[in-house]
Amino acid sequence: MTEKKLFSFKVNADVNELQRVLSYVEECIGEMDCPAKSMMQINVAVEEIFVNIAHYAYSGEIGEAVIEVEITDEPKAVTITFIDSGVMYDPLAKPDPDVTLLAKDRQIGGLGIFMTKKFMDELSYEYRDGHNVFAMKKNL
């Protein structure tokens, strides 16, 4: 039987809260014996999504974000969901940057979401009941 654990954390969508968010996610995942490489990839993805919410969701104001961490043991995976009530924005809708170009020849932006796509196994976005709901799953 699959065991599922769900943790939820509400925080101000402020870059100054990033370390608390990262620590919270690591604490939730800690009991899973997560490989160091996977934890690093998860941290990069969490940082990217949370910082984007903090910078852009509330047009310079500070709103709230909810971070949900769901852990399953069969299959062994972690799903992290970010929920905010800021401006509707689907980060998956933007095309990936052309990483074959030199950095000086590429448009600014999009590299963090590109890395998130590469590091995580599943990503989804929906705008539901006035909220951005962005979920990312990592199989461990």
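All residue numbers refer to positions in the sequence shown, counting from 1. FYI, side chains are in, hydrogens and waters are out, and symmetry mates aren't considered; it's all heavy atoms of this structure.
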Distance-minimising heavy-atom pair for Val69 and Cys28 = CG1-CB, 3.8 Å
Any donor and acceptor pair, going by atom type alone, linking the side chain of Tyr58 with main-chain N or O of Ser85 inside 3.5 Å?
-> yes
Got a list of side-chain donor-acceptor pairs under 3.5 Å for residues 76-84, not counting sequence neighbours?
unit_1, atom_1, unit_2, atom_2, d
Lys76, NZ, Met32, O, 2.7
Asp84, OD1, Gly86, N, 2.8
Asp84, OD1, Asn132, ND2, 2.9

Would Leu123 and Val46 show up in the same hydrophobic cluster when neighbours are defined by side-chain heavy atoms closer than 4.5 Å?
-> yes
Just jot down the side chain to side chain contact (heavy atoms under 4.5 Å, CB included) partners of Ile62, sequence neighbours excluded, or say none.
-> Asn12, Asp14
Report yes if some heavy atom in the side chain of Ile71 is under 4.5 Å from a heavy atom in the side chain of Phe7; otherwise report no.
-> yes
Hey, quick one: are Phe134 and Tyr127 part of the same hydrophobic cluster, counting side-chain heavy atoms closer than 4.5 Å, chains of contacts allowed?
-> yes
CD on Gln41 to NZ on Lys118, rounded to 0.5 Å = 12.0 Å
When rounded to the nearest 0.5 angstrom, what distance separates OH in Tyr24 from CD1 in Ile67?
-> 8.5 Å
Contacts satisfying salt bridge (Lys or Arg N to Asp or Glu O under 4.0 Å) that involve residues 35-51 (not counting sequence neighbours) are none
Side chain proximity check, Glu70 to Thr72, heavy atoms < 4.5 angstrom = yes
Closest heavy-atom pair and its distance - Asn139, Asp121 = N-OD2, 2.6 Å
Same apolar cluster: Ile42 and Leu92, side chain cutoff 4.5 Å = yes
Is there a side-chain contact between Ser38 and Phe119 (heavy atoms, below 4.5 Å)?
-> no
When hydrophobic residues are tied together by side-chain contacts of less than 4.5 Å, even through go-betweens, does Leu6 share a cluster with Val21?
-> no
Step-by-step side chain to side chain contact (heavy atoms under 4.5 Å, CB included) determination, Asn52 to Tyr89 = CA-CA 10 Å; Asn52 278 352; Tyr89 177 68; 5.5 Å; no
What about Phe9 and Val133, same hydrophobic cluster or not, with Ile/Leu/Val/Met/Phe/Trp/Tyr joined at side-chain heavy-atom distances under 4.5 Å?
-> no
Non-neighbouring partners of Met40 that pass side chain to side chain contact (heavy atoms under 4.5 Å, CB included), sequence neighbours left out | Val44
Could I get the full list of side chain to side chain contact (heavy atoms under 4.5 Å, CB included) partners for Ala54, not counting sequence neighbours?
-> Val15
Using the salt bridge (Lys or Arg N to Asp or Glu O under 4.0 Å) rule, collect all pairs that involve residues 15-30, keeping only residues at least two apart or in two chains.
-> Glu17-Arg20
